[in-house]
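Taking it in order: structure first as structure tokens, then the write-up.
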Amino acid sequence: MSEEQHLNFIEEIVEGDLAAGKYGSIVTRFPPEPNGYLHIGHAKSICLNFGLAQKYGGKTNLRFDDTNPVTEETEYVESIKNDVQWLGFNWAEELYASNYFDQIHGFAVRLIEMDLAYVDDSSSEEIATQKGTPTQPGTPNVYRSRTVTENLQLFEDMRLGKYADGEKVLRAKIDLASNNMHMRDPIIYRIKHAHHHRTGNKWCIYPMYDFAHGQSDAIENITHSVCTLEFIPHRELYNWFIEKLSIFPSKQYEFARLNMTYTVMSKRKLLQLVQENHVTGWDDPRMSTISGMRRRGYPAAAIREFCDRIGIAKRDNLIDISLLEFCVREDLNKTAVRRMVVFDPLKVIITNYTGEGEILHSENNPEDQNGGTREVPFSKEIFVERDDFMEEPSKKYFRLAPGQMVRLKSAYIIKCDDFVKDANGNVTELHCSYIPESKSGSDTSGIHVKGTLHWVSTAHAIPAEVRLYDRLFNVEDVAGAEGDFKDYINTDSLTVVPHAYAEPALLHDSIGVGFQFLRKGYFCADKDSTPTKLVFNRTVGLKDTWAKEVKKGA
RNA sequence: UGCCUGAUAGUAUAAUGGUAGUACGACUGUUUUUGGUGCAGUUUGUCUUGGUUCGAAUCCAGGUCGGGCAACCA
């Protein structure tokens, strides 16, 4: 009652329709064309369409808008199904616009019979010219006054394959003077002698989007057909066909598509990145595709949360990618298993440690009481991160420096006594002493240190490759930037750390879980990872207030 | 030149004629065996000009700015 339910404008429409008794329950659909992989923008649409049905007790169909056989492939169908499922949604029915080709063809015949469609022999250029311009009305050509009988015969001949591609089209007869260019006798059927991934060679004529989408919606009794803003001018046509054909009156509603900083969101551009090898594939972890994000380690729940937070409205937007990253961290912080991995090793010898070594225990996740612990071997010689030592520390540097003390996570407090340099002046080794009574969990030393470091015992360290990703583009608004979007590709978007050192527990961890490498960020095993060669992707870094501090000083 | 759309903190999004709120970001402080997390707090906004009204982000009119529309693509 009292909770503030902020409805988006589409939810308001749905609630209004339901309250008015317009529909018993709602039916939505997610209608991708299988000509590429799904991206985060599709996720927004998926969450909206499936979310609506879940919230109001309806159903959602997955419908492939496969009306253009030359761009569509089964590979894409499979990837789309996989991505929608991975995101956590189940469709009521798996459908294809091509299932309806017979019915849609029948609709076209009906239109011809009503003298509302005609076969046009003009070339595509002629048709474009005859359409006029937004400020000048179009002009009818001779074909527009063909008789119903003639049109029926010609359309049938088109279907029979008597004409070559482009020789003839079927056009709706509407209004060549309309302010809406889409109403100026739009083409509704074209000839394409092409193999279709579902219907094979059965057809050589295919309906255009405008003559398939609304009809498919109607056939499926879709109550709320939600699409993006650029289809607003199509709505008039959408309604016109439904009215003339007297079919189920689906209603189209439009929302603003997702735009995100530092990335591109169009299948055409994503395809280009793949084809020109700017990335390794559709599932490259830097891609804005669902499959790329999955491989990068973004949890589905985080993507759903993101889609929830960005809202649904009609205003053009450019969402900061850091909001997505926030959602990813928020999710992973609660679920990721903590491990220690040193990327850039600096050897530390604990000079006063006389034991053989020992097994210590460290919690798997401080956020999860039931997460348990793991064994971490400790010994006289360990690796720490090279940038966790400074010969001449700045004032607020809480890590190792001559005479300075830190805690080794889940182990002991150590003090840096000395360091060794090579001929080039590079620090090669630290000599530290440990405080025996400072052992984690039974610390009686009374010493408090400000810094805690991750570390790995050199004798037990497991080599691993770590891949660090940065934004794929170096401008915020890639689509809005002048010139070719490829000019803005960030050439440093991938950094490989070939020889990182991981604690041994990581060897036995199952693939598919999210990790937090302490103080380094969130990671997941890549599909390239094998038992003999571990490979990890950095999903996202940790919030780093120290880096910010350093930057300020610089 | 036409038509269609939209405009609320830096970014998104609510307030549906009656206290401009929330989240992310930024900044403080605090807690912490991750410079992480958590907690507390601060910060910044109704495109503009008129009108209607006791009262306007909301309604009306004009302007400004943004996006879209003339593929045998979807």
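Here is how names work: the chains are called A, B, and so on, in the same order as the sequence lines, proteins then strands, and each is numbered from 1.
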Open item on the list: I'd like the C1' distance from B:U28 over to B:A61, given in whole Å.
Closed with: 47 Å

Task: 5′-ward residue of the pair A:Arg399/A:Ile232 relative to RNA chain B - done: A:Ile232

- [ ] Classify the side chain of A:Ser410 versus the base of B:U33 as yes if they form a donor-acceptor pair under 3.5 Å and no if they do not.
- [x] no

- [ ] Kindly say whether A:Asp316 contributes a backbone atom to a donor-acceptor pair with the side chain of A:Arg257 at under 3.5 angstrom?
- [x] no

Open item on the list: What's A:Asp210 touching, base or sugar-phosphate or nothing? Going by heavy atoms closer than 4.0 Å.
Closed with: nothing

TODO: Indicate yes or no for a side-chain donor-acceptor contact from A:Arg407 to the backbone of A:Ser438 under 3.5 Å, with no hydrogens or angles considered.
DONE: yes

Open item on the list: So for A:Arg309 and B:U13, does any side-chain atom that can act as donor or acceptor lie under 3.5 Å from a complementary atom in the base?
Closed with: no

Task: Quiz item: cation-pi between A:Lys168 and A:Tyr163, 6.0 Å / 45° - done: yes

Open item on the list: Between C1' on B:C73 and CD on A:Glu72, what's the gap in Å once rounded to a whole number?
Closed with: 10 Å

Open item on the list: Is the positively charged end of A:Arg339 above the ring of A:Phe515, judged by distance under 6.0 angstrom from the centroid and angle within 45° of the axis?
Closed with: no

TODO: Classify the side chain of A:His234 versus the base of B:A74 as yes if they form a donor-acceptor pair under 3.5 Å and no if they do not.
DONE: yes

TODO: Would you state whether a donor and an acceptor, one from the side chain of A:Gln516 and one from the base of B:U34, lie under 3.5 Å apart?
DONE: yes

Task: 5' precedence on RNA chain B between A:Ile312 and A:Asp120 (nearest-nucleotide basis) - done: A:Ile312

Open item on the list: Taking ring pair (Phe, Tyr, Trp, His ring centres under 6.0 Å) as the criterion, tell me which of A:Phe517, A:Trp455, A:Phe383 meets it with A:Tyr501.
Closed with: A:Phe383

Task: Length of the line joining A:Gln252:CD and B:U5:P, which is rounded to integer Å - done: 13 Å

Task: A:Asn317 CG to B:U8 P, straight-line distance once rounded to whole Å - done: 11 Å

Open item on the list: For RNA chain B, report each stem as range with range, ordered by first number, or say none. Use Watson-Crick or G-U wobble pairs under 3.5 Å, at least 3 in a row.
Closed with: B:2-7 with B:64-69, B:10-13 with B:21-24, B:26-30 with B:38-42, B:47-51 with B:59-63

TODO: May I have the distance from A:Asn333 (atom CG) to B:C39 (atom P), rounded to whole angstrom?
DONE: 11 Å

TODO: Kindly say whether, by distance alone, the side chain of A:Glu367 makes a donor-acceptor pair under 3.5 Å with the base of B:G36?
DONE: yes

- [ ] Quickly work out the A:Tyr118 OH to B:C72 P distance and round it to whole Å.
- [x] 13 Å

TODO: Taking the side chain as every heavy atom from C-beta outward, state whether A:Thr67 and A:His213 have any atom pair closer than 4.5 Å.
DONE: no

TODO: Would you mind reading off the distance between A:Leu229 atom CG and B:G66 atom C1', rounded to a whole angstrom?
DONE: 12 Å

Task: Whole-Å C1' distance, B:A56 and B:G17 - done: 7 Å

Task: Whole-Å gap separating C1' (B:A12) and CG (A:Asp308) - done: 13 Å

Open item on the list: Whether the side chain of A:Arg407 and the base of B:U33 hold a donor-acceptor pair under 3.5 Å is what I'd like checked.
Closed with: yes

Task: Ring centroids of A:Tyr209 and B:A74 base under 5.5 Å with planes under 30° - done: no

